[in-house]
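Read through the structure below, which is laid out as structure tokens, and then see the notes.
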Amino acid sequence: EKNTGGIWGAVNLEIHESVFIDDVKITPNLNLPAHAASANIQVHVESEQASSKSVTFQFSIKPFNFPSNQYIKKEIQQTLKPGFNSVYLPIPVDNPELWWPWDQGKANLYQLTINVVDNVVDKGSIIDSKTVNFGFRNVHFDKTKNEWHINGRRMFLRGTNYIATQWLSEMTPERFAQDIALMKAANINTVRVHAHVTSEDYYRLCDEAGLLNWQDFPLQWGYVDDDSFTQNAVRQARDMVNQLFNHPSIIAWSLINEPAWDAEWMVTKYKHYRKGQN
């Protein structure tokens with residue numbers, strides 16, 4: 001058996017100026033039936049300056065994969081302190097085109113571009129920039145009826161597990177696209193990315209194809225039950241959600257695969273094992 005993991009993708013070194021955008025999270029706030037909505041944007045910025053720095057954040061939202069004249073621009077001035085900075089801005093979007101699974105409608109995506117502009121030294125120059133695609137969609141699970149709802153519409157999930165290959169470095173965007181096309185041809189609308197986090201290309205293509213995802217955390221079977229392990233698992237789970245936060249195709253997160261509760265082999269693996277572990 002082979003476990004999927006390790007460093008299997010490209011490794012890049014990014015060189016930034018003294019201020020750079022570390023992370024962007026977009027939470028779509030959708031008031032059904034979607035006559036009004038907002039893109040709630042959280043930007044994490046690092047400043048290596050020794051003192052505070054005045055900048056302007058320029059935000060622009062436009063359609064990515066559908067025809068529209070809708071183009072929204074906002075900007076705010078901000079004084080960045082040395083180190084970590086967080087900037088929050090809700091941007092209203094009237095009558096947004098919704099993101100739908102492929103069997104319910106079109107997977108309409110918007111594109112957000114953020115520029116950080118220098119206000120002092122090189123006034124007007126762009127220090128850093130980031131572009132993120134996202135979609136307006138609402139996901140709700142009704143526990144009382146055991147029903148999934150997408151954008152207020154009841155939906156029956158038809159799914160499969162997916163590990164593209166045990167050697168993740170073998171996969172290319174073309175191979176992912178082929179698998180997605182085959183799953184849609186098989187009338188599948190939901191995929192469980194099984195016990196691993198796969199390539200960014202896969203999630204991007206699912207966003208564009210309208211294929212839903214149930215994302216596993218790469219924790220499976222039995223594990224030691226101590227504070228250091230728990231803290232490490234929580235850290236990695238947080239990193240996974242942050243990394244994949246903006247993909248509208250992800251509708252659920254799962255934090256363990258096949259927990260080995262009360263499994264006989266756990267007794268031989270962990271000398272301090274107890275029945276309730278894992």
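What you see below is based on every heavy atom in this structure, not just the backbone, and it leaves out hydrogens, waters and symmetry mates.
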Check for a donor-acceptor pair, side chain of [X] on one end and backbone N or O of [Y] on the other, with a separation under 3.5 Å.
{"X": "Asp128", "Y": "Ile21", "value": "yes"}
{"X": "Asn257", "Y": "His194", "value": "no"}
{"X": "Asp207", "Y": "Ser249", "value": "yes"}
{"X": "Asn40", "Y": "Pro90", "value": "no"}
{"X": "Asn189", "Y": "Trp102", "value": "no"}
{"X": "Arg158", "Y": "Asn187", "value": "yes"}
{"X": "Asp216", "Y": "Ala195", "value": "yes"}
{"X": "Asp118", "Y": "Val120", "value": "yes"}
{"X": "Tyr110", "Y": "Glu97", "value": "yes"}
{"X": "Gln70", "Y": "Asp94", "value": "yes"}

Is the number of heavy atoms from other residues, nucleotides or ligands within 6.0 Å of [atom1] ([X]) greater than 12?
{"X": "Arg154", "atom1": "CZ", "answer": "no"}
{"X": "Lys25", "atom1": "NZ", "answer": "yes"}
{"X": "Lys81", "atom1": "NZ", "answer": "yes"}
{"X": "Phe156", "atom1": "CZ", "answer": "no"}
{"X": "Glu264", "atom1": "CD", "answer": "no"}

Between Gln77 and Ser54, does the side-chain hydrogen bond (donor to acceptor under 3.5 Å, both in side chains) criterion hold? Intermediate values first, please. CA-CA 7 Å; Gln77 291 193 355; Ser54 176; 5.1 Å; no
Straight-line distance of [X] [atom1] to [Y] [atom2], nearest 0.5 Å:
{"X": "Leu205", "Y": "Glu174", "atom1": "CG", "atom2": "CD", "answer": "9.0 Å"}
{"X": "Asn85", "Y": "Gln78", "atom1": "CG", "atom2": "CD", "answer": "7.5 Å"}
{"X": "Ser60", "Y": "Lys73", "atom1": "OG", "atom2": "NZ", "answer": "7.0 Å"}
{"X": "Leu32", "Y": "Leu30", "atom1": "CG", "atom2": "CG", "answer": "4.5 Å"}

Could you pull out the closest heavy-atom pair between Leu89 and Ile76, with the gap in Å? CD1-CG2, 4.2 Å
Looking at Arg137 and Asn151, what are the two nearest heavy atoms and their distance? CA-OD1, 3.1 Å
Given Asn133, which partner from the list Glu208, Arg204, Gln111 fulfils the side-chain hydrogen bond (donor to acceptor under 3.5 Å, both in side chains) test? Gln111
Is the Phe134-Phe136 ring centre distance short of 6.0 angstrom? yes
Answer with yes or no after comparing the ring centroid distance for Trp148 and Phe141 against a 6.0 Å cut-off, counting only values under it. yes
Is Asp103 salt-bridged to Lys184, going by a charged N under 4.0 Å from an acidic O? no
Is any side-chain N of the basic residue among Arg175 and Asp179 closer than 4.0 Å to the acidic one's carboxylate O? no
For the residue pair His247 / Glu200, report whether a side-chain donor-acceptor contact shorter than 3.5 Å exists. yes
Please examine the side chains of Asn213 and Tyr202, heavy atoms only from C-beta on, and report whether any two atoms are closer than 4.5 Å. yes
I want to check something: taking the side chain as every heavy atom from C-beta on, are Trp253 and Gln215 in contact at a cut-off of under 4.5 Å? yes
Linking I/L/V/M/F/W/Y whenever any side-chain heavy atoms sit under 4.5 Å apart, do Val241 and Leu244 land together? yes
Should Phe20 and Glu48 be marked as a side chain to side chain contact (heavy atoms under 4.5 Å, CB included) after you check the CA-CA gap, both sets of side-chain angles, and the distance that decides it? CA-CA 9 Å; Phe20 65 94; Glu48 300 300 324; 4.2 Å; yes
